[in-house]
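Numbering of ligands and ligand atoms starts at 1, following listing order.
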Amino acid sequence: MRLVLLGAPGSGKGTQAQRLRDQKGIPQVSSGDLLRDAVARGTDLGQRAKAAMDAGELVTDDIVLGLIRERLGRPDAAAGFILDGYPRNCAQADALDRVLAELEQPLDAVVLMKVDEKALFMRLTGRRTCPVCGKVFNAYSAPSEKGERCDNPVHGADAPTLKQRDDDKEDVIENRLKVYNEQTSPLIEHYRARGLLKVVNADQPMDRVYAEFVKVSGA
Ligand code: AMP
């Protein structure tokens, strides 16, 4: 199964991709996570990406493509993947086509997580992530059972404190939504025209979104 998840920041792409990964063993390939990891490790690439990420702008296409190409080339992605956050503009969609043609792995579907834009602000300001296992929570709608700490049983008694992403602060959120509307949303028509687009109503409780996601994607 080779999927692309499309949707505004805060539409739940990461949450749904993690769930599909856990239930079906398909790797989640998140460009945002790959970039945050590069920034945290202080790699040359991470240092070049940081300023754009802090401002809610897109990182240059060549930096992200390098990360995605390397990740999709790893053995676990040979049997399928869920791309989360990539592509983010038309040039990236074309680059992805070229990489997948080289790997002889065409996409099966592109799933749009459709949400009411007014709900996004709250979803983003409430988002909290575990710095160790990456599990995503929402302080308002899907809090951790352990409050400020991660409730994933893998941590045992040593549950890490959840973090808010720097770019989930209010001033940056506005710009990220603007960038999505201007640069990423044209991909909806791009993939619809190619017959790949499936739409999920992501303004529902998480379990219902997941059920619809599995159904439309055929995963
Ligand atoms: P995300 O976790 O998907 O919300 O991404 C966080 C930030 O990483 C974005 O606001 C961008 O600065 C950067 N980023 C993630 N994916 C891409 C991409 N495909 N192209 C360019 N920048 C990206």
For this session: Name the closest protein heavy atom to atom 4 (O) of ligand 1, giving the residue it belongs to and the distance to 0.1 Å.
Result: Arg165 NH2, 3.1 Å
Exercise. Counting only N and O atoms by type, is there a donor-acceptor contact under 3.5 Å from the side chain of Gln18 to the main-chain atoms of Gly134?
Worked result: yes
For this session: Give the residue and atom name of whichever protein heavy atom lies nearest to atom 20 (N) of ligand 1, and the separation in Å to one decimal.
Result: Gln92 NE2, 2.9 Å
For this session: Would you check whether Val59 has a nitrogen or oxygen atom less than 3.5 angstrom from a nitrogen or oxygen atom of ligand 1?
Result: yes
For this session: Would you give the length of the straight line joining atom CG of Asp151 to atom SG of Cys133, rounded to the nearest 0.5 angstrom?
Result: 8.5 Å
Exercise. If you measure from each non-hydrogen atom of Leu35 to ligand 1, which part falls under 4.0 Å: side chain, backbone, both or neither?
Worked result: side chain
Exercise. Just which atoms of ligand 1 are under 4.0 Å from any heavy atom in Gly85?
Worked result: 16 (N), 17 (C), 18 (C), 19 (N)
Problem set entry | Note: Asp207-Arg19 ion pair, threshold 4.0 Å (strictly below) | yes
Problem set entry | Minimum-distance protein heavy atom relative to atom 8 (O) of ligand 1 | Met53 CE, 3.6 Å
Exercise. Is the shortest side-chain N to carboxylate O distance from Asp168 to Arg123 below 4.0 Å?
Worked result: no
Problem set entry | Heteroatom proximity flag, Glu57 to ligand 1, N/O under 3.5 Å | yes
Problem set entry | Shortest non-hydrogen contact from Pro186 toward Cys90 | CB-SG, 4.5 Å
Seminar exercise, completed: atom 16 (N) of ligand 1 sits nearest the protein heavy atom Ser31 OG, 2.8 Å
Seminar exercise, completed: shortest atom 9 (C) of ligand 1-to-protein heavy-atom contact is with Arg88 NH2, 3.5 Å
Exercise. Given that the side chain starts at C-beta and the backbone is N, CA, C, O, which of these parts of Asp167 lies under 4.0 Å from ligand 1, counting heavy atoms, or is it both or neither?
Worked result: side chain
For this session: Output yes when Glu70 and Arg74 qualify as a salt bridge under the 4.0 Å nitrogen-oxygen rule, no when they do not.
Result: yes
Problem set entry | Positive for side-chain contact (heavy atoms from CB on, under 4.5 Å) with Ser144, one of Leu162, Asn152, Asn138 | Leu162
Exercise. Hey, is ligand 1 close enough to Tyr86 that some N/O pair sits below 3.5 Å?
Worked result: no
Exercise. Does the distance from a Lys or Arg side-chain N to an Asp or Glu carboxylate O, for Lys215 and Glu212, drop under 4.0 Å?
Worked result: no
Seminar exercise, completed: Contact region, Leu58 to ligand 1, non-hydrogen atoms below 4.0 Å, reads both
